[in-house]
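For reference, the structure discussed in these notes is given below.
For the numbers below, each heavy atom of this structure counts, side chains included, while hydrogens, waters and symmetry mates do not.
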Amino acid sequence: MSTTIQLYGGRKIDIKTGLFINNEFRPSANGSVLTTPNPATGENLATISAATAEDVNAAVTAARTAFETTWGKKSTPSQRCSLINKWADLIEANIDSLAELESVDNGKPVWMARDVDIKDSIGCLRYYAGLADKIEGRTIEQEDGIKIAFTRAEPIGVCGQIIPWNYPIQMFMWKVAPALTAGNTVVIKPAEQTPLSALRLAELALEAEFPPGVLNVVNGTGAITGDAISRHMDIDKIAFTGSTVTGRKIMEAASKSNLKKVTLELGGKSPVVVFDSVDIDQTANWVCMAILFNHGQDCCAGSRLFVQETIKDKFFEVLKRKIEEIEIGDPGVETTFMGPLVSRQQQEKVKKYIQHGLEEGAVCLTGGEQTLAHLPEKFKDGFFVPPTVYTNCKKGMKIVDDEIFGPVLAVQTFKTEEEAVQLANDTAYGLGAGVFSQNASQCMRMVHALKAGTVWCNQYMVLSNAVPFGGMKQSGFGRELGIEGLKEYTQTKAVHWNYGEEISWPLNGTNI
Ligand SMILES: NC(=O)C1=CN([C@@H]2O[C@H](COP(=O)(O)OP(=O)(O)OC[C@H]3O[C@@H](n4cnc5c(N)ncnc54)[C@H](O)[C@@H]3O)[C@@H](O)[C@H]2O)C=CC1
Ligand code: BAL
């Protein structure tokens, strides 16, 4: 079962379309399929298998067997390190076609898929592979010469992972790399909007010769496949990235089934605070990056901008100019900064928010309801949305309060640092936050005051595989990346060891 996908420049790639279970691509138990469009044109790109609850069972059985035999209980850290590195090498060798595949399925520019998402994902695999033999417990001194206690950091078991469509390859690796490194096995469900790159990654894992059952990829819908994973009685941990609404459902399903461990990386409405000491040109660049990278389809997009009143006119003028310079169009062209959004549904959602902004009395600095008239005919049914900035925003407006997940920026002004902190923290979310100021003491005060899992100073959106990422408040819990991300895939076993004490029986108050 395979299909040919048209890439750019007349290139093509053959993709296996089945579910990847126990190192085999197979159709779903009842023949279910789903289709995925090319977001730039709206045309159907591929039809692939969609997993039923029965297929999820088969994947979990394969993962359990691998955990109990080849991978979890029997592999050595250096074996895991070497296989994960081999997979990284194969991905690197196929980076160009993989980037084009990601771009045609997701809509993001091909350079972004290649030079950001996939390069970081290869780095993520190598970072965790390097940690495989550095997973450690500790000894805790007890009675000298008689007893010792120590801890072991053991793998958790079979991990269910449910990922979104905004960074299909990167989210796949943020979850799979630490899980496999620690000795767990995986059943992962990609988003139904972007199922293709995961199938190619599975093919490359097969080529790397991972044992059967270690990695299982089950495409499908959230309501069927995702739900079956969340409720499964033999999945030990679930890791999720996506909307807060779905995060709540997953937590509920986990609590009503086997109390599997849960980590959630959810939505955001991240603030970016600009003080009047900044270099306006540079800061405007970072503000564009904060809201427009990946078309604003980012959980930590800087979607609420707070500018100190003293510089607002100049700042708005520069920001408007920079946004209007952006190249929007063909994601296959290297100079394109913005392609289409991922789906018709996401396009309609974002357009609705653009409409709300006008109705709620915000002032449109750029974008708005304008159509992208310059787009060529072949993209007329694509899911494009113009980057849009609203000023005169205030709390209570939908564009200020809701996660839009698109290129829409809501701008407010402030007078004092205290006011900036109050406005920035006035949200249910706590994923990212940015502060721009030439005053280091002010930056440090803001770092302490902002309630977010990541705070960027004089930059935004920059991540590192070595630095933990995750949310506070309703943006979720648990961390990905860094050593913290690996620890989410181990569980602590405490061992109390007696090598000298004998007890008399029955115990009483004199011989204890
Ligand atoms: N934090 C983030 O990175 C993301 C946030 N979102 C937000 O969510 C909004 C809606 O996008 P969706 O794609 O509908 O998000 P979603 O949270 O529903 O989808 C993310 C993943 O969860 C799965 N899923 C959906 N329902 C499920 C269920 N009942 N049980 C288990 N898994 C389930 C989906 O199939 C997908 O793989 C976006 O507009 C955006 O605001 C979306 C994607 C990523
Ligand atoms: N930018 C970090 C990952 C995410 O958006 O889900």
Side-chain angles (χ1 to χ4, degrees), residues 106-109 112 116-117 120 164-168 170-171 174 191 241-244 247 265-274 283-307 319 322-323 326 328 337-343 346-347 349-354 356-357 365-367 383 385-390 393 397-412 423-425 427-436 450-456 459-463 469-476 480:
N106 170 279
K108 67 177 68 198
M112 202 178 276
V116 182
D117 297 26
D120 276 0
W165 40 260
N166 52 343
Y167 295 95
Q170 217 172 5
M171 292 301 101
W174 282 20
T241 297
S243 65
T244 304
E265 201 260 90
L266 306 175
K269 193 72 188 177
S270 299
V272 177
V273 180
V274 176
T283 305
N285 288 347
W286 286 109
V287 166
C288 288
M289 169 96 154
I291 186 59
L292 298 180
F293 189 78
N294 208 37
H295 319 140
Q297 300 170 126
D298 194 299
C299 54
C300 50
S303 51
R304 290 182 302 139
L305 174 66
F306 300 95
V307 180
L319 183 63
K322 286 185 184 272
I323 288 182
I326 284 170
I328 304 169
F337 181 74
M338 281 181 64
L341 301 191
V342 71
S343 63
Q346 194 62 20
Q347 180 195 36
K349 174 183 168 182
V350 176
K351 280 183 159 176
K352 221 174 257 173
Y353 275 104
I354 290 175
H356 286 317
L365 183 69
T366 185
F383 313 143
V385 172
T388 297
V389 179
Y390 282 121
C393 295
M397 290 180 173
K398 290 190 174 71
I399 53 168
V400 172
D401 296 345
D402 298 356
E403 181 181 58
I404 299 175
F405 226 66
V408 182
L409 179 63
V411 188
Q412 295 172 256
L423 288 168
N425 283 338
T427 169
Y429 295 112
L431 195 57
V435 54
F436 289 83
L450 290 167
K451 292 190 183 121
T454 298
V455 179
W456 284 279
Q459 61 173 341
Y460 202 91
M461 201 59 98
V462 175
L463 294 172
F469 178 83
M472 293 181 178
K473 295 157 69 179
Q474 289 180 36
S475 290
E480 298 190 293

Can you check whether Asn294 reaches Val116 side chain to side chain, under 4.5 Å on heavy atoms?
no

Which pair of heavy atoms, one from Pro407 and one from Leu341, lies closest together, and at what distance?
CD-CD2, 4.1 Å

Distance check, rounded to the nearest 0.5 Å: Met289 atom CE versus Thr283 atom OG1?
13.5 Å

Please report the shortest heavy-atom distance between Gly247 and Leu266, naming the atom on each side.
CA-CD2, 3.9 Å

Heavy-atom closest pair, residues Tyr460 and Ala290
CD2-CB, 3.4 Å

Counting C-beta onward and ignoring hydrogens, is there a side-chain heavy-atom pair between Leu365 and Ile323 closer than 4.5 Å?
no

Could you report the tightest heavy-atom contact between Gln297 and Gln346, atom names first, then the distance?
OE1-CG, 4.0 Å

Are the side chains of Leu463 and Asp120 in touch, meaning some heavy atoms are under 4.5 Å apart?
no

Heavy-atom side-chain contact between Val272 and Ile291 under 4.5 Å:
no

Within a reach of under 6.0 Å around NZ of Lys473, are more than 12 heavy atoms found that belong to other residues, nucleotides or ligands?
yes

Identify the heavy atoms of Ala301 and Gly296 that sit nearest to each other, and give their distance.
CB-O, 3.8 Å

One pair to check against side chain to side chain contact (heavy atoms under 4.5 Å, CB included): Lys269 and Asp401. What are the steps and the verdict?
CA-CA 7 Å; Lys269 193 72 188 177; Asp401 296 345; over 6 Å; no

Under the 3.5 angstrom rule, does the side chain of His356 hit a backbone N or O of Ile399 as a donor-acceptor pair?
no

Would you indicate whether the side-chain heavy atoms of Val274 and Trp286 approach each other to under 4.5 Å?
no

When rounded to the nearest 0.5 angstrom, what distance separates OG in Ser270 from CD in Glu403?
8.5 Å

Output yes when a side-chain donor or acceptor of Thr388 lies under 3.5 Å from a complementary backbone atom of Gly367, and no otherwise.
no

Nearest 0.5 Å, what's the CG-CG distance between Asp117 and Asn106?
8.0 Å

Closest non-hydrogen atom pair, Asn166 against Lys108:
O-NZ, 2.9 Å

Working for side chain to side chain contact (heavy atoms under 4.5 Å, CB included), residues Trp165 and Met171:
CA-CA 9 Å; Trp165 40 260; Met171 292 301 101; over 6 Å; no

Indicate yes or no: at least one non-hydrogen side-chain atom of Tyr167 is less than 4.5 angstrom from one of Thr241.
no

Phe436 CZ to Phe306 CZ distance, which is reported to the nearest 0.5 Å:
14.0 Å

Can you tell me how far CZ of Phe337 sits from CE of Met112, rounded to the nearest 0.5 angstrom?
4.5 Å

For atom NZ of Lys351, is the number of surrounding heavy atoms from other residues, nucleotides or ligands below 6.0 Å larger than 12?
no

Check the pair Leu305 / Val389 against side chain to side chain contact (heavy atoms under 4.5 Å, CB included), numbers first and verdict last.
CA-CA 10 Å; Leu305 174 66; Val389 179; over 6 Å; no

Phe469 and Trp174: aromatic ring centres closer than 6.0 Å?
yes

Quick check for you: to the nearest 0.5 Å, what is the distance between Ser303 atom OG and Leu292 atom CG?
11.5 Å

Is there a side chain to side chain contact (heavy atoms under 4.5 Å, CB included) between Leu450 and Asn425 once you walk through the steps?
CA-CA 6 Å; Leu450 290 167; Asn425 283 338; 4.0 Å; yes

Other residues, nucleotides, ligands: >12 heavy atoms within 6.0 Å of Lys349 NZ
yes

Any non-hydrogen side-chain atom of Glu265 less than 4.5 Å from a side-chain atom of Leu431?
yes

For the residue pair Tyr429 and Thr427, establish whether any side-chain heavy-atom pair is separated by less than 4.5 Å.
yes

Any donor-acceptor pair under 3.5 Å from Asp298 side chain to Cys300 backbone:
yes

